[in-house]
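Beneath this line is the structure, given in structure tokens, with notes to follow.
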Amino acid sequence: MRKLIIDTDTGSDDAVALIMALKSADVKVEAITTVCGNVPLELATKNALMTIEVANGQKSPLYVGAAKPLMRDLVTAVNVHGEDGMGDCDLIHPTLLPESKHAVDAILDIVEKNPGEIEIVTIGPVTNIALAILKAPEAMKKVKHIYTMGTSGFGPGNTTPVAEFNVYVDAEAYRIMLNSGIPITIIGFDVCLGEAALTKDDMDVLLASGKPEAVFSVKCNRSLLEYNIQRCNEPIVDLPDAVAMGVVLWNEIVLEDKWCYCYVCTMEEAAYGQVILNDGSKLAISDGFAGHTPNAKVCKTINNPLFKEKLISLLVR
């Protein structure tokens with residue numbers, strides 16, 4: 001049984017990813033840790049607690065983490081996910097409560113008790129992970145693997161022309177994680193689009209199933225659906241965090257990946273949050289890239305129709 005810690009800034013696509021893991025029979029979610037990002041920390045925590053209740057699966061403990069990025073003011077995505085992060089549908093009424101221990105301490109304790117076994121899945125800014133690395137770097141080297149939904153991959157950004165949201169919120173933290181020596185797989189925003197998005201027909205199937213977690217997964221993404229209709233005139237729901245969780249749960253959906261040296265830009269404001277991926281195809285003669293070995297495996301192509309087939313099957317089960 002694989003052992004996961006899921007670190008989340010619980011917006012609507014995070015909620016779907018959490019449900020996927022909590023309903024999976026192949027993994028044990030040792031803990032869910034919350035961080036600010038899509039919404040402020042208090043809302044991210046409430047959203048995660050509600051999702052645990054809805055998931056009809058494992059009841060994993062939840063630990064509250066960082067309320068602000070390491071060095072910058074918080075930027076949220078309430079314009080995309082709604083003011084509450086869950087579509088502003090009055091869905092958030094959790095009865096569960098978080099644990100008293102801080103998320104960073106919980107991560108370190110769980111890793112120490114399970115050396116070489118814990119896989120961390122980050123589906124938000126990685127502030128908690130960076131804080132754990134800074135606090136106990138040797139302990140964090142016992143992490144088996146980190147899967148991260150972050151970077152724009154080999155495509156453009158979704159927050160600035162070059163930066164993806166999860167990195168942009170706390171690029172300093174992302175740099176610390178990438179330079180930690182922990183094995184890392186990156187699922188970039190570029191592979192989470194296209195046929196991976198839920199269409200109106202897909203959402204109709206989920207609603208018609210009557211399964212609480214399937215209905216919840218559609219309703220909580222109402223603001224994201226409206227955002228996409230206004231932005232690109234398409235009634236779709238793209239689910240980057242769910243795609244990332246799909247890579248964790250179903251490795252067969254990965255068609256191509258590439259080892260890269262990944263450099264996080266933190267100095268120049270216009271490039272802040274950009275992650276430059278050097279896959280060895282460039283000369284890399286500049287000081288920033290010369291002589292560096294790969295520090296992450298980056299997903300390059302995903303079988304998005306297969307991902308969606310597995311996702312819908314899991315939600316209506």
Side-chain angles (χ1 to χ4, degrees), residues 2-10 14 17-18 21 27-42 44-45 47-49 52 60-72 74 98-151 164-187 241 244-245 248 262-264 266 273 275 295-297:
R2 295 169 64 192
K3 299 179 180 181
L4 305 184
I5 294 174
I6 304 173
D7 192 61
T8 175
D9 60 339
T10 329
D14 301 69
L18 289 175
V27 300
K28 180 182 179 185
V29 181
E30 297 286 342
I32 294 169
T33 54
T34 54
V35 65
C36 62
N38 281 324
V39 289
L41 181 64
E42 181 181 0
T45 300
N47 294 345
L49 290 169
I52 294 169
S60 301
L62 183 141
Y63 302 89
V64 181
K68 61 184 294 293
L70 294 181
M71 299 177 66
R72 294 166 67 94
L74 175 63
E99 305 294 324
S100 58
K101 186 181 295 183
H102 192 278
V104 171
D105 295 323
I107 290 168
L108 291 171
D109 288 348
I110 293 168
V111 170
E112 286 280 21
K113 292 174 183 175
N114 302 272
E117 295 184 71
I118 298 299
E119 299 171 79
I120 298 177
V121 184
T122 75
I123 50 177
V126 299
T127 313
N128 288 333
I129 310 307
L131 288 170
I133 292 167
L134 291 172
K135 184 172 184 177
E138 292 306 311
M140 287 297 284
K141 288 179 181 177
K142 299 174 185 177
V143 171
K144 181 179 180 179
H145 203 95
I146 293 176
Y147 293 87
T148 170
M149 193 286 115
T151 85
E164 177 274 332
F165 178 81
N166 287 342
V167 182
Y168 184 81
V169 171
D170 198 343
E172 286 82 7
Y174 212 83
R175 173 180 273 192
I176 289 168
M177 183 185 73
L178 280 176
N179 293 339
S180 67
I182 301 168
I184 294 172
T185 294
I186 290 174
I187 303 93
D241 293 333
M245 188 62 73
V248 176
C262 308
Y263 179 87
V264 185
T266 58
V275 180
N295 53 5
K297 185 166 60 175

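The side chain to side chain donor-acceptor pair (under 3.5 Å) check on D9 picks up N38, with sequence neighbours excluded. Every residue two or more places apart in sequence or in another chain was checked for a side chain to side chain donor-acceptor pair (under 3.5 Å) with N179, and none qualifies. Applying the side chain to side chain contact (heavy atoms under 4.5 Å, CB included) rule to A67 yields the partners L41; only residues at least two apart in sequence or on another chain are considered. Scanning for salt bridge (Lys or Arg N to Asp or Glu O under 4.0 Å) contacts around E99 gives an empty result, with sequence neighbours left out. Annotation: side chain to side chain contact (heavy atoms under 4.5 Å, CB included) contacts of A296 (sequence neighbours excluded): L178, I184, I186, C262. Under the ring-ring contact (aromatic ring centres under 6.0 Å, His included) criterion, Y147 pairs with H145, sequence neighbours left out. Residues that satisfy the ring-ring contact (aromatic ring centres under 6.0 Å, His included) test with F165, not counting sequence neighbours, are absent from this structure. By the salt bridge (Lys or Arg N to Asp or Glu O under 4.0 Å) test, K68 is found to be paired with no residue, residues two or more places apart in sequence or in another chain being considered. Partners of E30 by side chain to side chain donor-acceptor pair (under 3.5 Å), not counting sequence neighbours: none found. Among residues two or more places apart in sequence or in another chain, the side chain to side chain contact (heavy atoms under 4.5 Å, CB included) test is passed with A103 by T33, Y63, N128. Remark: K101 pairs with D109 by the side chain to side chain donor-acceptor pair (under 3.5 Å) rule, at least two apart or across chains.
Annotation for L62 and A48: closest pair CD1-CB, 3.3 Å, computed over non-hydrogen atoms. Across every non-hydrogen atom of V27 and A21, the tightest pair is CG2-O, 3.7 Å. Across all non-hydrogen atoms, the minimal contact from I110 to A31 is CD1-CB, 3.6 Å. Between A66 and T127, the closest heavy-atom pair is CB-CG2, 3.7 Å. Contact detail for A171 and V264: the closest heavy-atom pair is O-CG1, 3.5 Å. The two residues G37 and P125 come nearest to each other via the heavy atoms CA-CG, 3.9 Å.
With contacts defined as side-chain heavy-atom distances shorter than 4.5 Å, the pair D105/K135 qualifies. Contact of the C36 side chain with the P69 side chain is registered, since non-hydrogen atoms from C-beta on lie closer than 4.5 Å.
If you take CD1 on I129 and OG1 on T148, they are separated by 9.0 Å, rounding to the nearest 0.5 Å. Here the OG1 atom belonging to T185 is positioned 4.5 Å from the NZ atom belonging to K297, to the nearest 0.5 angstrom. Between the CD1 atom in I182 and the CG atom in N295 there is a gap of 12.0 Å [rounded to 0.5 Å]. Note that the CG atom of L49 and the CG atom of L18 stand 10.5 Å from one another [nearest 0.5 Å]. Separation of atoms CG (D7) and CD1 (I146) is listed at 9.5 Å; rounding is to 0.5 Å.
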Original post:
For T266 and M71, what are the C-alpha separation, side-chain angles and deciding distance, and is it a side-chain contact (heavy atoms from CB on, under 4.5 Å)?
Top reply: CA-CA 11 Å; T266 58; M71 299 177 66; over 6 Å; no
Original post:
Yes or no on side-chain contact (heavy atoms from CB on, under 4.5 Å) for N114 and K144, after CA distance, side-chain angles and deciding distance?
Top reply: CA-CA 10 Å; N114 302 272; K144 181 179 180 179; over 6 Å; no
**OP:** Test M140 against I120 for side-chain contact (heavy atoms from CB on, under 4.5 Å), laying out the working first.
**Re:** CA-CA 11 Å; M140 287 297 284; I120 298 177; 4.0 Å; yes
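For N166 (side chain) and M149 (main-chain N/O), a donor-acceptor pair under 3.5 Å exists by modelled atom type. At distances below 3.5 Å, at least one donor-acceptor pair connects side-chain atoms of S60 with backbone N or O atoms of V29. When atom types are taken as modelled, the side chain of N47 and the backbone of T10 share a donor-acceptor pair closer than 3.5 angstrom.
Checked against D241 for a side-chain contact (heavy atoms from CB on, under 4.5 Å), the options V121, D14, I187, T122 give a single hit: D14.
Within the structure, the ring pair (Phe, Tyr, Trp, His ring centres under 6.0 Å) test picks out no pair touching residues 101-122 (sequence neighbours left out).
No salt bridge links E172 with R175; every basic N to acidic carboxylate O contact stays at or beyond 4.0 Å.
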